[in-house]
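The structure presented is a predicted model; accordingly, all values stated were derived computationally and were not measured. To find a chain, count down the sequence lines: A is the first, B the second, and so on, and within it residues start at 1.
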Amino acid sequence: MLDIKLIRQKPEWIKDKLASRGVTAAEIDELLALDTQRREKIVATEELKKQRNQVSAEIAKVKREHGDASAQIAAMRAVGDQIKTLDADLTDLDGQVTYILVRLPNIPADDVPVGPNEDYNQEVRKWSTPRQFEFTPQAHWDLGEKLGILDFERGAKVAGTRFVYYKGLGAKLERALYNFMLDEHSKEGYQEVIPPYLVNNEAMFGTSQFPKFTEDVYTIINEGEPLTLIPTAEVPLTNYYSHEILDEAQLPVYLTALTPCFRSEAGSAGRDTRGLIRLHQFNKVEMVKYVKPEDSYQELDKLTADAEDILRKLNLPYRVIALASGDASFSSAKTYDLEVWIPAQNTYREISSCSNCTDFQARRAQIRYRDAEGQVHLVNTLNGSGLAVGRTVAAILENYQNEDGSITIPAALVPYMNGVTTIPAK
RNA sequence: GGAGAGUUGGCAGAGUGGUAAUGCACCGGACUCGAAAUCCGGCGAACCGGUAAAACGGCGCGCAGGUUCAAUUCCUGUACUCUCCUCCA
């Protein structure tokens, strides 16, 4: 959520900044008009409330002295009615202001490429070079099925399309990967947590999946109370400190968690229908940071480096993309995507997204800190995948495949695989 | 699932229709070479409006409604915490 005061002060700047994110100038103008009305009502109602407070004090005094206050009481009855009417108007205007405000995306940082979609993304750097195969590399789903470590058919039978079973060394590879990732992040100072996988609407609002993106998630109703299966651990990790005021000395806070992620993938029909790239349920190791505002961009670089480090240690070629303003997520001011090389598709595919959400989520979720002078400020929040585990399995299967269909286990993972160095061909 | 108790400033903790005591902590001053102790004074969450900045005002006793001229106090609903019972991986 943006600061309404900032929108009041710099409306033209806001319009310009949000134009490439699909926000029209008319929306901002409407918001400001409603905000002006709202503040006029506030002044009017507070004036009456002041009057009521003063007269009520008089009434109290008269009553204490056993006098007659019926004239004042009658007057205040009328004032009370006026207040009631004004407050009702105010509630209505508040609702209208909030409706628009919570649907405005974050302001892109100054160095973010401006553009409406992914065509305007910029490659920042590339690491390593894709391997040259002396044979035609197979897709990971073919490898996985042949090796008996992935079973998409039974996933579909039992749950539906976009579900999978991992088996045997496939399941162990997934487990090895996330243990490896969590260990690496722990070394960098992230505290490992196991959060709830179901969250309430307030949490979904705090990280701004709600109210705009209700279609993308699975929500279950339990005795009338909705709970949503987390689409990412960002939700429970970032809401961990919601409605709290931290001490400045506590910052920065680094958290990491492995969780399953659940996404309805509404609107992605026909895309990545095979394999591990786009499933309704997948594991992801997430990193979340709470930092002071002045540190947030430096922390974003570190966060991105921490995600990259996993790919480097697995020796998987990747590139770093700076997302264009129109391609970044709703709450992000600046996002780097990491894309890993997928040989069978002859392209790079997203495996991590690292974002600085500045104070956007902190304002929604009311996450603040108190500085040495006792002043209260919003924290900045960041999140990044480190990494999407299923996609990492896909990348390993494809990049580490041998001509006979066997898979060499990356050296860094061998200790996590109990010494297994190869997934043998069948 | 059942029963009871609780939720008030950084902490502790009173109040119970007339508009939030008190203690500790914190800040300033006195005393002192300095400190402690003592004394005097002050500050009280967070938020909103207002202002050039102030002043000032509103709100504020878990949350949401209601009754009332007036609600921390009464009524209704609800969340969470604790204790006991019940059940359970």
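In terms of modelled atom types and a separation under 3.5 Å, the side chain of Arg263(A) and the main chain of Asp216(A) share no donor-acceptor contact.
As rounded to the nearest Å, G41(B) and A46(B) have P atoms that lie 26 Å from one another. Rounded to a whole angstrom, the distance from the C1' atom of C27(B) to that of C80(B) is 35 Å. For the C1' atoms, the distance linking U22(B) with A30(B) amounts to 24 Å, nearest Å. As rounded to the nearest Å, G10(B) and U67(B) have P atoms that lie 32 Å from one another. Remark: the separation of the C1' atoms in G1(B) and A12(B) is 35 Å, to the nearest Å. Comparing the C1' positions of C63(B) and U8(B) gives an interatomic distance of 14 Å, to the nearest angstrom. Between U16(B) and C74(B), the two C1' atoms lie 10 Å apart (nearest whole Å). Using atom C1' as the reference point in both G77(B) and C84(B), the two lie 26 Å apart (nearest Å).
Atom-to-atom, CD of Glu244(A) to C1' of C80(B) comes out at 14 Å; the value is rounded to the nearest Å. If you measure from atom NZ of Lys50(A) to atom C1' of G50(B), you get 11 Å, rounded to the nearest angstrom. In this structure, Ile73(A) places its CD1 atom 15 Å from C1' of U67(B), rounding to the nearest Å. Whole-Å rounding puts the Asp94(A) CG to A64(B) P distance at 13 Å. For the pair Lys5(A) NZ and G50(B) C1', the interatomic distance rounds to 11 Å; values are reported in whole Å. Following rounding to the nearest Å, Glu58(A) (CD) and A70(B) (P) show an atom-to-atom distance of 15 Å. Distance Asp247(A) CG to A25(B) P: 19 Å, rounded to the nearest Å. Nucleotide C48(B) holds its P atom 10 Å from the CD1 atom of Ile42(A), rounded to whole Å.
Of the N and O atoms on the side chains of His377(A) and Asp371(A), at least one donor lies less than 3.5 Å from an acceptor on the other residue. Under 3.5 Å, the side chains of Ser268(A) and Glu265(A) contain a donor-acceptor pair of N or O atoms. Counted by atom type alone, Glu234(A) and Gln361(A) present one or more donor-acceptor pairs between their side chains at under 3.5 Å.
The 5' end of RNA chain B is approached more closely, in terms of each residue's nearest nucleotide, by Ala60(A) than by the other of Ala60(A) and Glu47(A). Both Arg370(A) and Asp35(A) lie close to RNA chain B; mapped to their nearest nucleotides by heavy-atom distance, the more 5′-ward contact belongs to Arg370(A).
Across all strands shown, G23(B) forms a Watson-Crick or G-U wobble pair with C11(B), both key distances being under 3.5 Å. Within the shown strands, A64(B) is the pairing partner of U76(B) under the Watson-Crick or G-U definition, both distances less than 3.5 Å. Across all strands shown, A30(B) is found opposite U38(B) as a Watson-Crick or G-U wobble partner, with both distances under 3.5 Å. In this structure, C87(B) forms no base pair with any nucleotide, since neither Watson-Crick nor G-U wobble geometry is met with both distances under 3.5 Å. Pairing for U51(B) is absent, with no Watson-Crick or G-U wobble pair whose two atom distances lie under 3.5 Å. Judged by Watson-Crick or G-U wobble contacts below 3.5 Å, the nucleotide G4(B) has C82(B) as its partner.
Residue contacts shown for Arg363(A) are absent, as no nucleic acid heavy atom lies under 4.0 Å away. Nucleic acid contact for Ile59(A): base, since at least one base atom lies under 4.0 Å from a heavy atom of the residue. Nucleic acid contact class of Lys84(A) (heavy atoms, under 4.0 Å, all strands): sugar-phosphate only. At a threshold of 4.0 angstrom between heavy atoms, the contacts of Lys63(A) include nucleobase atoms, whether or not backbone atoms are also involved.
Residue Asn53(A) places none of its side-chain N or O atoms closer than 4.0 Å to OP1 or OP2 of G18(B). Between Arg39(A) and C48(B) there is no side-chain N or O to OP1 or OP2 distance below 4.0 Å. Neither OP1 nor OP2 of G57(B) sits under 4.0 Å from any side-chain N or O of Arg52(A).
The Val376(A) side chain lies nearest to A46(B) when the options are A46(B), C69(B), G49(B). Checking A70(B), A46(B), G58(B) against every side-chain atom of Ser56(A), the shortest atom distance belongs to A70(B). Checking G18(B), A46(B), C69(B) against every side-chain atom of Arg77(A), the shortest atom distance belongs to C69(B). If you check A70(B), G49(B), A46(B) against the side chain of Arg368(A), the one that comes closest is A46(B). The side chain of Glu46(A) approaches G58(B) more closely than any other nucleotide in the set U19(B), C47(B), G58(B).
Remark: of the listed residues Thr358(A), Asp359(A), Asn380(A), Asn380(A) is the sole one forming a side chain to side chain donor-acceptor pair (under 3.5 Å) with Ser296(A). When the options Val320(A), Leu382(A), Leu303(A) are evaluated for a side chain to side chain contact (heavy atoms under 4.5 Å, CB included) with Cys354(A), the one that passes is Leu303(A).
By the 6.0 Å and 45° rule, Arg103(A) stacks over the aromatic ring of Tyr99(A).
In this structure, Asp3(A) does not pair ionically with Arg8(A), as no charged nitrogen and carboxylate oxygen lie closer than 4.0 Å.
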